[in-house]
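Ligands are counted one by one from 1 in listed order, and the atoms in each one are counted from 1 as well.
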Amino acid sequence: MQATKKELIYEGKGKKMWSINESDDLLISEFKDSLTAFNGVKKAEESGKGALNCKISTLIFDLLKKHGIATALVETISPTEQLVKKCKIFPLEIIARNIATGSLTKRLGIKEGTKLPFTLVEFCYKDDELGDPILNDEHCLLLGAVKSQSELDELKKIARKINGILIKFFDERNLKLVDFKIELGRDKDGNILLADEISPDSCRFWDKQTDKKLDKDVFRQDLGSVKVAYEEVLRRILG
Ligand code: C5P
């Protein structure tokens, strides 16, 4: 579909969102080359990173669509731009974890690399000033991030379903899906859609044999070239 940018309505750390002339229900989501970590404290630019994430996220969303996950992605219209359905995003980072690392090891002292006995789903409140604090179910209700426990349970169910699909997909490509973050929203008809992106910026991928990190931890921990790592993830997705 033809879409021309009208107005920049939001600029976040990784993306710009544009309204378009042709429809009030659709937006253009533009992937940026900027890399940020530790709540924006560490910053860099990596030319081509936005295009890599746009491509990887498109392939993952297409896979999830085939498995019955409703997504906000309508069409990828350029190497760094997607046409997406407008939706009201729950103010939550929804995190699913299969292996302990990152903030989980810091918070609970579980040894790095421990396979969790079940997939842990966590919620963080999307609020940079507060540092995206972790929330329990009652906090989510108290803050009005969801309307009810059953709505929260629905979000957990979607996160677990996505995890099941992606774990198998990446296992077949010699990658461990360690953890990932998703964002969900409701469209104007009330459907819950997978929004934002799923990419090495928002997931952790470890090589199955060597545990080599192929995600944003390469940037967070200065482990080498981010682009080389993300290109490797794309190469494996394409098979
Ligand atoms: O840092 P932490 O261990 O809590 O991250 C869990 C997962 O969520 C990681 O895959 C990380 O990349 C992702 N995440 C994210 N955006 C954030 C926080 C975490 O994509 N603001």
Side-chain angles (χ1 to χ4, degrees), residues 10-15 29 31-44 46 49-50 52-54 56-57 60-61 64 72 89-116 118-136 139-140 145 155-156 158-160 162-163 165-167 169-171 175-185 194-207 211-223 226 229-230 232-233 237:
Y10 168 80
E11 178 160 7
K13 295 189 204 95
K15 259 180 247 85
S29 167
F31 288 67
K32 304 202 302 187
D33 283 338
S34 51
L35 276 157
T36 61
F38 313 120
N39 201 15
V41 172
K42 184 171 178 173
K43 287 184 201 151
E46 180 87 38
K49 194 268 311 186
L52 273 166
N53 275 356
C54 182
I56 291 169
S57 195
I60 293 176
F61 273 49
L64 293 172
I89 302 285
F90 295 97
L92 297 169
E93 290 182 343
I94 303 161
I95 294 170
R97 300 180 186 268
N98 299 303
I99 297 173
T101 188
S103 69
L104 183 70
T105 59
K106 287 205 193 84
R107 224 181 317 122
L108 300 183
I110 302 172
K111 196 169 163 275
E112 162 96 8
T114 307
K115 188 177 180 305
L116 300 178
F118 56 86
T119 300
L120 178 68
V121 176
E122 297 177 329
F123 296 97
C124 292
Y125 193 38
K126 272 168 63 93
D127 187 315
D128 285 344
E129 270 180 35
L130 295 175
D132 301 333
I134 187 156
L135 304 178
N136 70 17
H139 293 134
C140 291
L155 305 190
K156 288 184 197 175
I158 295 170
R160 287 185 196 284
I162 290 172
N163 185 59
I165 298 162
L166 294 187
I167 258 203
F169 178 80
F170 283 107
D171 181 68
L175 285 171
K176 292 181 193 170
L177 177 65
V178 174
D179 56 30
F180 64 91
K181 184 260 320 181
I182 53 169
E183 298 196 13
L184 298 172
L194 173 66
D196 195 48
E197 68 180 282
I198 298 184
S199 73
D201 267 7
S202 61
C203 303
R204 287 194 175 98
F205 299 114
W206 293 355
D207 178 84
D211 280 350
K212 185 176 177 204
K213 296 177 188 206
L214 294 167
D215 54 65
K216 199 159 90 172
D217 275 350
V218 172
F219 170 66
R220 293 188 188 99
Q221 300 170 16
D222 296 315
L223 300 176
V226 168
Y230 288 23
E232 177 65 19
V233 171
I237 289 175

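In this structure, Ser57 contributes its side chain and Cys54 its backbone to no donor-acceptor pair below 3.5 Å. Side chain of Lys49 to main chain of Phe31: no donor-acceptor pair is present (N/O by atom type, distance under 3.5 Å, no hydrogens or angles). Between the side chain of Asn136 and the backbone N or O of His139, at least one donor-acceptor pair lies under 3.5 Å. A distance-only check finds no donor-acceptor pair linking the side chain of Ser34 to the backbone of Gly14 [under 3.5 Å]. Between the Lys216 side chain and the Thr36 main chain, a donor and an acceptor come within less than 3.5 Å of each other.
In terms of protein heavy-atom proximity, atom 5 (O) of ligand 1 is nearest to Arg204 NH1, 3.4 Å. Distance from atom 8 (O) of ligand 1 to its nearest protein heavy atom, with residue and atom name: Lys181 CB, 3.5 Å. If you check which protein heavy atom lies closest to atom 9 (C) of ligand 1, you get Asp179 OD1, 3.2 Å. Scanning all protein heavy atoms for the shortest distance to atom 21 (N) of ligand 1 gives Glu93 OE2, 2.9 Å. Closest to atom 19 (C) of ligand 1, if we only count protein heavy atoms, is Ile95 CD1, 4.4 Å. The protein heavy atom nearest to atom 4 (O) of ligand 1 is Ser103 OG, 2.5 Å.
Using a 3.5 Å distance cut-off with no hydrogens or angles, the side chains of Asn39 and Asp132 do not pair a donor with an acceptor.
With a heavy-atom cut-off of 4.0 Å, Ser202 touches ligand 1 through backbone and side chain alike.
Asp215 does not count as a contact of ligand 1, since none of its heavy atoms falls under 4.0 Å from the ligand. By the 4.0 Å heavy-atom criterion, Lys126 is excluded from the residues contacting ligand 1. At least one heavy atom of Arg97 lies less than 4.0 angstrom from ligand 1. Ligand 1 has no atom lying under 4.0 Å from any heavy atom of Lys216.
Below 4.0 Å from some heavy atom of Gly102 lie the following atoms of ligand 1, by number and element: 3 (O). Heavy-atom proximity to Asp201, at under 4.0 Å, picks out these atoms of ligand 1: 12 (O), 20 (O). The atoms of ligand 1 that sit less than 4.0 Å from any heavy atom of Arg220 are 11 (C), 12 (O).
Checked options Thr119, Val178, Leu116, Leu177; the residue passing with Arg97 is Leu116 (criterion: side-chain contact (heavy atoms from CB on, under 4.5 Å)).
Atom NZ of Lys212 is surrounded by 12 or fewer heavy atoms from other residues, nucleotides or ligands within 6.0 Å. For NZ of Lys42, the number of neighbouring non-hydrogen atoms (other residues, nucleotides, ligands) closer than 6.0 Å is greater than 12.
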